[in-house]
Amino acid sequence: MKLQFIPLDYEPFDYNGRNYIKVVGRNEKGKKICIIDSCDVYFWAILKEDAPEKRIKKIMEEINNIKIKKDSRESKVLKTELHDKNYLGKPVKAIKIFITNYKDAHDVADKIDFKEVEKRREYDLDFIAKYILERKLKPLVWHEIEGEILNNSTEFGGIDASMDIDCIKVEKIKELKEQAKFTPKILAYDIETQEIEIGKGNILMISLVGENFKKVLTWKGEPNENYVEKLKDEEAMLKKFVKYVKKYAPDVLTGYFSDGFDLPYLRARAEENQIKLNLGIDNSQPVFSRGNMLTGKIRGIVHIDLMRFIKIAYSQYLQSETLSLNEVSSELLGEKKLDFNPWNAIKSGKPDWNEFFKYNLQDSVLTYKMAEKIWPDLLEFTRIIQEPLFNISRDSMSAQVENYIIHNLEKFNEIAEKRPHYDEIGIRRNREKYVGAFVFQPTPGLYEDICFFDFSSMYASVIVSYNLSLSTKTEDKKDSYESDFNGKKVYFSKKIGFFPEMLKQIIEKRRHFKEEHKKSSDPILKARSNAFKLIANAAYGYQGFFGARYYCLEAAAATAYFARENIKKAIKEFEDEGFKIINSDTDSVAIELGNKTRKQALEVQKKINDNLPGIMELDLEGFFKRGIWVTKRTGEFGAKKKYALIDENDKLKIRGFETVRRDWCKLARDVQNKVLNLILKEGNEKRALEYVKEIIKKIKNREIELKDLIIKTQLKKPIEEYKSEGPHVAIAKKMREKEIPVDIGMLIEYYISEGESKKSLIRERAKLPDEKGKYDINYYLKNQILPAVDNILEVFKVNINEIMDGKKQMCLGDF
DNA sequence: GGTCCTGCGTTACC
DNA sequence: ACCGGTAACGCAGGACC
């Protein structure tokens, strides 16, 4: 039979000692099906250059006889072939060794011990990746499949009988030229529990939200809405949950922090109730893996913890200070969680159950809507990197870069480099640091008419333009780029390597799809352009990452080196043409127009661009009406990485200031923001000063609400490990005493109260938000408000210190 | 008992 | 353990007078 098929989930299995794979996806009619397939399993023995032909033949014969006996499985070499390949950019002769089971690849590789064999490679590749490469059945891409349906067949031990859906044994696979739109069936879920610790208390309710589908399952309260279904106990509720998930048959089951909470909790409660959480398409239970970080896998359904993907692909664009569902959904959707405190409700012993149900449902509604919104990004990441959706939604950016490389090596006839071993990682992690970016020392002051330029994807374009990678590093000084690594000269060949070449294509695609998106504003094109951008930007970090297959610290150092050279050159160009440099950080230059025109500035930009190497490009970020740079708190120098700009539409761009730092109280941040606004919008420092004085008065009169004085600091490690005990650590201790749950990663909230003696430490005066006490007027004036506005007003020669004390009126002459 | 300096710790920028 | 270096700055803690 012939059908169209889009793969969603890949699951390898063994049968008679051989490797097979079940791929669950949908056909063109939207029916969920499973295809069964297999592929060659092999790895490489790379030969030394001088290996004589006769010996190679002999070696191949010997390899052909390798057999491994392990547990109940017998594994052997099926055949060998001699190929011309590339390894790290150099042509090599390599023996392709076909084996019966990939799980034994490592053991077989260990048996290949000939002096003519230089290296053994690709025995550490993941089977799913290998399968996708070999059979070209790409995730979330439509294919035409030819095969035979298994109908209660005894093949594979009667695999089709154990599955809820049709199984097809595949013969031919062909990617379709016309790609129809694919909209996944998404089901979102969320649970409410008695305790925070996994499995400790009961699950009180479970909500489910899909398309035209909403449900709250519970065994508590007296429901007054018909979407709430009351079961007799927790066990019945869990069974019903499984039943509904199976009936809905989603492609994607998604929760928010569900890897770390919802799914393991469900699993634990199922165990406690002695029932099976058989959500899998073959009625298997979720499988949890990956050491520290839990990940929950459900066969045949792609379980996605939305929070993890948002953290990977979105967090750098988000303003949210935490990745909590409430904050992220209100930023992405403009919609919030319901105002209801589940822990207080539980503690009270008499929760308003109907409010609780609504609250529970809303969490799934938000999760569902966000999943829909983020789907284009998941889709495009998956299609570009060609790893299963399950991995795409969880992998770190360095893993995404590496997977992209692995799935694109074929074009270069390259054999993949191996993953570093444990001891190698240890060495890499202890390596010396290298010099990073150049940061300009700004002069404090208020500036008018500012032009802001920046290099587009600078580090990525440096890697491409100077050909910086592991395989292009060379001892040969001729025809190469010379860079510096902590005083040592390092060279990179000018003959383009596969890593820079791949990156070049990524950048080109990013530029292409960015243009395409401008024309059509299709969200898919935006997601595609964004995915290429993120991969490009992660390429630099990847080469310096200790876990990378293509780790090359010299390349990472050279990237920073050539970036410094180019930014400094650009700065010099602007200076030589008579522009004053205001700021520069890594890849950007801000200049003051002064008595020159925008046109003149753009001419310099063009001149710079004409002389830039390779694909490097200096873009105009924009024009700004005004901008402010301040001094460091200590010393007379201008502070780096702290400035505020206002564009022609009166939109502020604030960097580094307390306004954007979450470890300052809201009042200080708001006041600073207002002051920056007044100064930048109207150039009115007098109004700003008046405003600050009003606030000071309010603080002194205790007219400020406590919630605006709460300071939030993250607990980054276990309480015991702190060498120096800051206020947030002291509060964390206090919380633990009060049996309030404290976890690593939590934002600890506190305010500073008046102490008995003035000299006591700040941590001794720190109190929990609901602890009774008077806020310390002096602390909030001197440690929060003053530091937030002092440096800004100083630019106008206003000494706020004196105003605070009320000793002397301002220094502004005309005040 | 106060001042100064240093290191820890967090968060930002790019 | 899951990308890099550069930088500001509060607070604690100890040296020093």
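Hydrogens, waters and symmetry mates play no part in the numbers below; they use all other heavy atoms, side chains included. Every chain is numbered from 1 and lettered A, B, ... according to where its sequence line falls, protein lines coming before strand lines.
- Checking dC9(C), dT6(C), dG5(C) against the side-chain heavy atoms of E658(A) singles out dC9(C) as nearest.
- One interatomic measurement links the two molecules: OH of Y459(A) to C1' of dC13(B), which rounds to 12 Å at whole-angstrom precision.
- Summarising the geometry, the separation between OH on Y404(A) and C1' on dC3(C) is reported as 18 Å, rounded to the nearest angstrom.
- The side chain of W664(A) sits closest to dG10(C) out of dC3(C), dC11(C), dG10(C).
- Considering only the side chain of K640(A), dA7(C) comes nearest among dA7(C), dC3(C), dG5(C).
- Cation-pi geometry between R626(A) and F624(A) is not met at under 6.0 angstrom from the ring centre and within 45 degrees of the axis.
- Annotation: dT10(B) and dC2(C) have their P atoms spaced 15 Å apart (nearest Å).
- Rounded to an integer number of Å, the gap from CD of E764(A) to C1' of dC11(C) is 12 Å.
- Taking 4.0 angstrom as the limit, R662(A) places a side-chain polar atom (N or O) nearer than this to OP1 or OP2 of dT11(B).
- With distances taken from any side-chain atom of K632(A) to the nucleotides dC9(C), dG5(C), dT6(C), the minimum falls on dC9(C).
- Closest to the side chain of R655(A), from the set dG9(B), dC3(C), dC13(B), is dC13(B).
- Under the side chain to side chain donor-acceptor pair (under 3.5 Å) rule, E658(A) has a single partner from Q672(A), Q784(A), R669(A), which is Q672(A).
- At whole-Å resolution of the value, NZ in K311(A) and C1' in dC2(C) are 11 Å apart.
- Taking 4.0 angstrom as the limit, Y722(A) places a side-chain polar atom (N or O) nearer than this to OP1 or OP2 of dT10(B).
- Relative orientation of the Y466(A) and F562(A) rings is parallel, given thresholds of 30° and 60° on the angle between their planes.
- By the 4.0 Å N-to-carboxylate-O rule, K418(A) lies too far from E122(A) to be salt-bridged with it.
- A residue-by-residue look at R763(A) and Y542(A) shows that Y542(A) has its nearest nucleotide of DNA chain C further toward the 5' end.
- R419(A) places its CZ atom 17 Å from the P atom of dC2(C), with the value rounded to the nearest Å.
- The side chain of K641(A) has dA7(C) as its nearest neighbour among dA1(C), dT11(B), dA7(C).
- Between F453(A) and F574(A), the distance from one ring center to the other falls under 6.0 angstrom.
- Looking at the side chain of K723(A), the nearest of the listed nucleotides dC9(C), dC2(C), dG9(B) is dG9(B).
- Of all nucleotides listed (dC2(C), dG9(B), dG10(C)), dC2(C) comes nearest to the side chain of F545(A).
- Scanning all heavy atoms of the two residues, the minimum distance from W664(A) to N783(A) falls at CZ3-O, 3.5 Å.
- Summarising the geometry, the separation between CZ on R308(A) and P on dC2(C) is reported as 13 Å, rounded to the nearest angstrom.
- The side chain of T713(A) lies closest to dT11(B) when the candidates are dC14(B), dT11(B), dA8(C).
- In the set dT6(C), dA8(C), dT11(B), dT11(B) carries the atom at the smallest distance from any side-chain atom of K716(A).
- Residue R564(A) contributes atom CZ, which lies 8 Å from atom P of dT6(C) at whole-angstrom precision.
- The distance between atom CE of M458(A) and atom P of dC13(B), rounded to the nearest whole Å, is 19 Å.
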